[in-house]
Amino acid sequence: MSLRKNSYLNRIIDAQIDEYLQLYGAISIEGPKWCGKTWTALNHANSVIYIMDPTNNYNNKRLAGLNPSLVLPGTVPRVIDEWQEIPGIWDAVRFDIDQNPGHGKYILTGSVMPPQESYLHTGTGRIATLQMRPMTLYESGDSTGEISLGALFNNEIFEPFSANIDLIHLIDITIRGGWPETLLIPLDKSGSISIQYINSIIKSEYFHGKQSKRNQFKLHRLIRSLARNNTTMASITTLTTDVDGSERTSQSTEEIEISRHSIIEYIKDLLGIFVIEEIPAWNPEIRSKIIMRQSPKRIYTDPSLAIAALGANREKMLSDLNTYGFMFENLCLRDLSVYANYHGGSVYHYRDNSELEIDAIVELQNGDWGAFEIKLGEEKVESAVASLLRLKDKMVSAGTKPPECLVVITGGGIAECRKDGIYVLPINTLRH
């Protein structure tokens with residue numbers, strides 16, 4: 001008996017959950033609040049317990065606090081929602097799977113990554129972890145899905161076709177973001193969800209329960225700074241200087257170091273609640289003197305949060321397309337990450353000592369890889385093509401296997417496979 005909600009929209013991660021429930025005793029679905037984790041978990045479950053149910057003075061939480069194993073009984077697969085509130089639940093689940101082996105027994109959902117020291121065992125071999133992100137354009141119905149990532153890696157050829165999308169509409173759906181709840185309200189009102197999301201982060205108990213150095217003012221400044229530096233490799237020094245502002249000139253060396261340490265801790269916290277994520281640098285196995293930059297590229301888990309952090313709206317984005325270009329890149333990286341995860345792959349970025357920079361590298365588990373440049377306007381396609389071909393030549397010369405695909409993702413226009421083998425694809429044509 002599935003607990004599927006009537007209005008549930010299928011998610012790409014559903015197939016992975018089905019597969020993992022056949023392989024592991026439990027799975028843990030991690031991701032930001034409001035991205036749909038609980039509803040997706042219920043789609044695969046036969047019973048559920050909500051740890052943060054306020055009924056009877058949070059009886060479920062108190063029960064789990066006394067003895068985590070007391071919340072385990074129920075028809076499997078059993079969802080344990082917001083398990084991280086009582087980290088001992090993880091160990092109780094692992095122990096139960098050891099004592100009573102079986103597949104697909106538990107589905108844990110959580111929007112905060114608890115410190116690993118708060119539970120004793122990693123759960124390796126018993127509990128598999130899946131990361132869930134907000135909805136892609138394909139999941140929300142804003143992409144036709146005519147071209148799949150799998151097709152690109154299989155070098156499939158297709159006839160050119162038009163995939164125009166109005167720029168204003170593209171900006172609107174970026175502001176709306178991939179939050180399932182926003183699909184139920186008028187598009188021109190949906191941006192308020194992300195504004196409230198940012199406000200709730202700044203005022204959340206998660207931060208105020210931390211050390212006294214956590215303060216709303218500095219956190220708010222950092223969130224804005226991360227938005228201004230969205231999709232870049234901005235250093236901690238850059239972020240710290242931005243956050244400190246005019247106060248920087250009067251700070252001592254010790255105060256600057258304290259501020260820097262504080263920013264590092266804030267970033268860890270924002271990563272821990274899945275508000276931002278880091279796109280790691282790509283490290284192919286090469287036999288040359290090419291030196292790759294190792295700094296991660298930071299993005300928001302959803303571009304709507306970056307726009308909300310800047311206090312921007314449709315009009316501001318239209319009047320500053322340079323800034324919107326970074327938000328568009330964030331949107332594309334969000335979608336690419338979901339599509340790549342479906343194929344067991346990961347997303348990286350590339351930059352070397354010659355300043356060659358590629359927005360995204362998708363690498364699959366078997367080592368196959370593809371390179372993606374992201375350009376809002378079609379007028380920048382040729383420069384993107386030049387960068388992709390330059391990367392291909394470098395990697396082949398360095399002894400690395402050639403790419404399976406080279407792709408320029410655009411904000412609309414013509415979808416085509418060029419004579420040089422490079423795909424040009426509007427983001428509203430892609431799927432997994």
Side-chain angles (χ1 to χ4, degrees), residues 1-133 180-181 205-206 272-274:
M1 179 189 71
S2 173
L3 300 179
R4 179 187 176 101
K5 300 290 187 179
N6 291 333
S7 57
Y8 178 72
L9 295 175
N10 291 331
R11 304 294 292 270
I12 291 171
I13 200 173
D14 280 321
Q16 294 169 285
I17 293 173
D18 282 335
E19 177 184 355
Y20 276 33
L21 286 174
Q22 301 300 314
L23 300 174
Y24 299 94
I27 62 173
S28 174
I29 305 175
E30 302 173 347
K33 285 183 178 294
W34 298 357
C35 74
K37 298 183 300 298
T38 301
W39 276 36
T40 294
L42 293 176
N43 187 45
H44 302 267
N46 290 314
S47 69
V48 59
I49 182 166
Y50 300 97
I51 299 301
M52 294 306 292
D53 183 348
T55 303
N56 294 327
N57 193 25
Y58 291 91
N59 185 65
N60 289 344
K61 183 178 180 181
R62 291 191 294 116
L63 193 67
L66 291 171
N67 184 347
S69 65
L70 295 177
V71 301
L72 302 189
T75 308
V76 300
R78 180 165 174 78
V79 171
I80 305 177
D81 189 52
E82 298 292 1
W83 71 271
Q84 81 284 342
E85 293 292 332
I86 305 294
I89 289 174
W90 181 281
D91 288 325
V93 166
R94 181 204 58 79
F95 184 75
D96 179 69
I97 294 169
D98 281 345
Q99 299 301 307
N100 305 287
H103 297 146
K105 299 181 70 174
Y106 303 103
I107 305 175
L108 311 179
T109 64
S111 51
V112 176
M113 178 66 70
Q116 188 167 330
E117 61 268 21
S118 63
Y119 52 95
L120 298 179
H121 300 278
T122 62
T124 302
R126 295 90 151 184
I127 308 174
T129 299
L130 288 172
Q131 183 174 354
M132 188 170 182
R133 295 178 173 87
E181 291 293 325
E205 290 294 327
Y206 179 76
I273 58 174
F274 307 101

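Keep in mind that the numbers below use all heavy atoms, side chains included, and drop hydrogens, waters and symmetry copies.
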Practice task
Using the salt bridge (Lys or Arg N to Asp or Glu O under 4.0 Å) rule, collect all pairs that involve residues 4-19, keeping only residues at least two apart or in two chains.
Solution key: Arg11-Glu139
Exercise for the section: Find out whether Met52 and Lys61 are in side-chain contact, i.e. whether some heavy atom of one side chain is under 4.5 Å from a heavy atom of the other. Expected result: yes
Practice task
Decide side-chain contact (heavy atoms from CB on, under 4.5 Å) for Ile49 and Arg78; before the verdict, give the C-alpha distance in whole Å, the side-chain angles of both, and the deciding distance to 0.1 Å.
Solution key: CA-CA 8 Å; Ile49 182 166; Arg78 180 165 174 78; 3.4 Å; yes
Exercise for the section: For the residue pair Val71 and Ile86, establish whether any side-chain heavy-atom pair is separated by less than 4.5 Å. Expected result: no
Handout entry: Inter-residue atom distance Tyr24.OH - Ile97.CD1, 0.5 Å rounding
Key = 12.0 Å
Practice task
Using side-chain hydrogen bond (donor to acceptor under 3.5 Å, both in side chains) as the criterion, list what pairs up with Ser111, not counting sequence neighbours.
Solution key: Lys33, Glu82
Exercise for the section: Quick one: closest heavy-atom pair of Tyr20 and Leu130, and the distance? Expected result: CE2-CD2, 3.6 Å
Fill in the blank from the handout: CD1 of Ile27 to CD1 of Ile107, rounded to nearest 0.5 Å, is 5.0 Å
Handout entry: Closest heavy-atom pair and its distance - Ile51, Ala64
Key = CD1-CB, 4.4 Å
Practice task
Test side-chain contact (heavy atoms from CB on, under 4.5 Å) on Glu30 and Phe274 and set out the steps.
Solution key: CA-CA 8 Å; Glu30 302 173 347; Phe274 307 101; 3.6 Å; yes
Exercise for the section: Return the minimal non-hydrogen interatomic distance between Leu21 and His44, and the atom names on each side. Expected result: CD1-CB, 4.0 Å
Exercise for the section: Could you grab the distance from atom NZ of Lys37 to atom CD1 of Ile13, nearest 0.5 Å is fine? Expected result: 10.5 Å
Problem - Heavy-atom pair of closest approach, residues Thr109 and Gln84 - result: O-OE1, 3.9 Å
Exercise for the section: With the side chain counted from C-beta on, respond yes when Tyr50 and Thr38 share a heavy-atom pair under 4.5 Å apart, and no when they do not. Expected result: yes
Handout entry: Donor-acceptor pair between Thr40 and Tyr8 side chains, under 3.5 angstrom
Key = yes
Practice task
State, to 0.1 Å, how close Ala26 and Val93 come at their nearest heavy-atom pair, and which atoms those are.
Solution key: CB-CG1, 3.8 Å
Handout entry: Euclidean distance, Lys105 NZ relative to Leu72 CG, rounded to 0.5 Å
Key = 8.5 Å
Problem - CH2-CG distance between Trp83 and Leu108, expressed to the nearest 0.5 angstrom - result: 7.0 Å
Exercise for the section: Can you see which heavy atom on Asp98 is nearest to which on Arg126, and at what distance? Expected result: OD1-NE, 2.8 Å
Practice task
Answer whether the closest heavy-atom distance between the side chains of Ser69 and Phe95 falls below 4.5 Å.
Solution key: no
Exercise for the section: Quick one: pull up OG in Ser28 and CD in Gln131 and give me the separation to the nearest 0.5 Å. Expected result: 11.0 Å
Problem - Close side-chain approach of Ser7 to Trp39, heavy-atom, < 4.5 Å - result: yes
